[in-house]
*Asks:* 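One structure, as structure tokens, below. Some questions next.
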Amino acid sequence: MYFNQKNLTSQPILNSTQRIAFVRNNKQMGKKAIVFLANGFEETEALAPTDIMRRCGIDVTLISINETRTVTSSHNIVITADQTINDKLT
């Protein structure tokens, strides 16, 4: 779609610092997400969406499906989850 000056919104363009402040001040009310982690997970597939959702103000919880909160990725990077699945279910 082609946009000309008449149909553009009158909202000011925010720089990155202003966007971060806007997101922090206007958190997504009640928006929550859970990311499940298992040993051998791909770092980018798990952590990139987590990062993006958190930047948008969504409350993201990392949950390990292991017995402990520590999870090892496919490249042997150890991540500590917020909770285990057993914690979440109880």
Side-chain angles (χ1 to χ4, degrees):
M1 175 180 247
Y2 175 77
F3 291 98
N4 60 31
Q5 196 64 31
K6 291 181 181 177
N7 64 7
L8 289 176
T9 64
S10 60
Q11 299 295 322
I13 296 173
L14 303 176
N15 64 35
S16 61
T17 304
Q18 291 169 324
R19 274 196 306 272
I20 292 169
F22 177 80
V23 167
R24 287 184 180 152
N25 293 331
N26 298 291
K27 290 230 176 211
Q28 297 287 332
M29 298 301 289
K31 301 281 185 179
K32 295 183 179 184
I34 294 175
V35 176
F36 292 98
L37 299 175
N39 286 332
F41 74 94
E42 289 289 332
E43 301 89 2
T44 305
E45 292 176 357
L47 301 180
T50 300
D51 178 51
I52 291 168
M53 288 186 286
R54 285 181 174 166
R55 289 181 191 208
C56 291
I58 299 171
D59 181 24
V60 180
T61 304
L62 298 176
I63 296 185
S64 166
I65 66 166
N66 302 334
E67 294 294 321
T68 64
R69 290 177 46 209
T70 58
V71 186
T72 305
S73 73
S74 61
H75 296 101
N76 294 321
I77 297 172
V78 178
I79 300 292
T80 302
D82 299 318
Q83 297 176 318
T84 67
I85 195 162
N86 292 332
D87 296 339
K88 191 67 177 172
L89 294 176
T90 56

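As a basis for the values below, the full set of heavy atoms in this structure was taken, side chains included, without hydrogen atoms, waters or symmetry mates.
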*Asks:* Taking all heavy atoms of Ile85 and all of Phe36, pick out the closest pair and write down the distance.
*Replies:*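 For Ile85 and Phe36, the tightest heavy-atom pair comes out as CD1-CE2, 4.1 Å.
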*Asks:* Ignoring hydrogens, what is the shortest heavy-atom contact between Thr84 and Asn66? Give both atom names and the distance.
*Replies:*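 Distance-wise, the nearest heavy atoms are CB-O, 3.9 Å.
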*Asks:* Between Thr70 and Ser64, what is the shortest heavy-atom contact and its length?
*Replies:*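 Scanning both residues, the minimum pair turns out to be O-OG, 4.4 Å.
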*Asks:* Could you measure the distance from the CD1 atom of Ile65 to the CG atom of Asn86? Nearest 0.5 Å is fine.
*Replies:*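 Here the rounded value is 10.5 Å.
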*Asks:* Looking only at non-hydrogen atoms, find the nearest pair between Ile77 and Glu43 and report the distance.
*Replies:*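 Heavy-atom minimum between the residues: CD1-OE2, 3.7 Å.
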*Asks:* Say you draw a straight line from CD of Gln83 to CD1 of Ile34; how long is it, rounded to the nearest 0.5 Å?
*Replies:*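 Here the interatomic distance stands at 8.0 Å.
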*Asks:* Side chain of Arg69, backbone of Ala81: donor and acceptor closer than 3.5 Å?
*Replies:*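 Yes; judged by distance alone, with no hydrogens or angles, the pair exists.
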*Asks:* Identify which one of Ile63, Thr61, Leu62 satisfies the side chain to side chain contact (heavy atoms under 4.5 Å, CB included) criterion when paired with Val35.
*Replies:*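 One option only clears the test, and that one is Leu62.
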*Asks:* Which value, rounded to the nearest 0.5 Å, describes the distance between Thr72 atom OG1 and Leu37 atom CG?
*Replies:*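 Output value for this atom pair is 11.0 Å.
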*Asks:* When you check the gap from the basic side-chain N to the acidic O, do Asp82 and Arg54 get nearer than 4.0 Å?
*Replies:*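 Here Asp82 pairs with Arg54 in a salt bridge, since their nearest N and O are under 4.0 Å apart.
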*Asks:* To the nearest 0.5 Å, what is the distance between CD on Glu42 and CG on Leu47?
*Replies:*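 Those atoms lie 10.5 Å apart.
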